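What follows is one structure encoded as structure tokens, with my remarks underneath.
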Amino acid sequence: MMRGIKKYVENEMKLTVYPTKSVIVNAEEEPFTFLGYEFYLNYRGIAPKKEKIFKGKVKRLTRRNQTLSIEVLVDDTLNPYL
């Protein structure tokens with residue numbers, strides 16, 4: 001199955017498939033992560049690793065000792081990141 005999918009993705013979609021990173025899983029039995037999202041049955045959410053990175057970045061951008069108003073902070077700092 002992997003050979004057929006790899007052939008289609010590489011030839012038709014012109015994308016590179018990395019064998020060390022690519023796996024075929026049954027989504028009913030185990031979750032899988034793709035592009036920072038975790039998929040499981042009918043659930044889709046941010047992967048825990050990406051969520052931790054996101055929260056760390058927001059925490060750095062919104063440190064408590066800033067002298068900016070909340071409107072400026074959200075408009076100029078957070079909106080471009082979100």
Side-chain angles (χ1 to χ4, degrees):
M1 184 180 270
M2 183 64 149
R3 276 186 263 143
I5 293 171
K6 180 180 177 185
K7 183 179 177 182
Y8 174 78
V9 169
E10 288 183 340
N11 293 338
E12 300 295 323
M13 302 175 83
K14 308 293 187 222
L15 298 172
T16 304
V17 176
Y18 295 96
T20 56
K21 297 168 109 182
S22 303
V23 294
I24 296 176
V25 298
N26 183 352
E28 293 178 353
E29 296 176 4
E30 61 181 300
F32 66 94
T33 303
F34 180 70
L35 297 176
Y37 287 92
E38 188 172 76
F39 296 88
Y40 184 71
L41 289 175
N42 294 328
Y43 168 77
R44 183 190 79 216
I46 299 175
K49 182 179 174 183
K50 294 294 181 181
E51 185 175 7
K52 185 177 180 181
I53 292 169
F54 173 76
K55 285 182 178 182
K57 175 102 179 197
V58 170
K59 190 173 184 177
R60 280 193 307 278
L61 292 173
T62 59
R63 59 186 191 274
R64 292 183 183 266
N65 60 353
Q66 289 186 2
T67 56
L68 298 172
S69 69
I70 192 71
E71 292 84 12
V72 172
L73 178 68
V74 170
D75 288 342
D76 295 342
T77 307
L78 284 179
N79 276 346
Y81 179 65
L82 298 175

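Bear in mind that the values here come from a model prediction, so they are computed numbers and not experimental data. Residues: numbered from 1 along the sequence shown.
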Contacts under 3.5 angstrom, residues 4-15 side chains, donor-acceptor by atom type, not counting sequence neighbours:
from	atom 1	to	atom 2	distance (Å)
Glu10	OE2	Val17	N	3.4
Asn11	ND2	Lys7	O	3.3
Lys14	NZ	Asn11	O	2.7

For residues 41-53, which side-chain donor-acceptor pairs fall under 3.5 Å, sequence neighbours excluded?
none

Practice task
Output all residues satisfying ring-ring contact (aromatic ring centres under 6.0 Å, His included) with Phe39, sequence neighbours left out; order by chain, then residue number.
Solution key: Phe32

Handout entry: Same apolar cluster (I L V M F W Y, side chains within < 4.5 Å links), Leu35/Val25
Key = yes

Handout entry: hydrophobic_cluster_shared for Tyr40 and Phe34, side chain cutoff 4.5 Å
Key = no

Problem - Results of side chain to side chain donor-acceptor pair (under 3.5 Å) for Asn26 - residues two or more places apart only - result: Glu29

Practice task
Return the set of residues passing side-chain contact (heavy atoms from CB on, under 4.5 Å) with Phe54 (not counting sequence neighbours), or none when no residue passes.
Solution key: Val58, Tyr81, Leu82

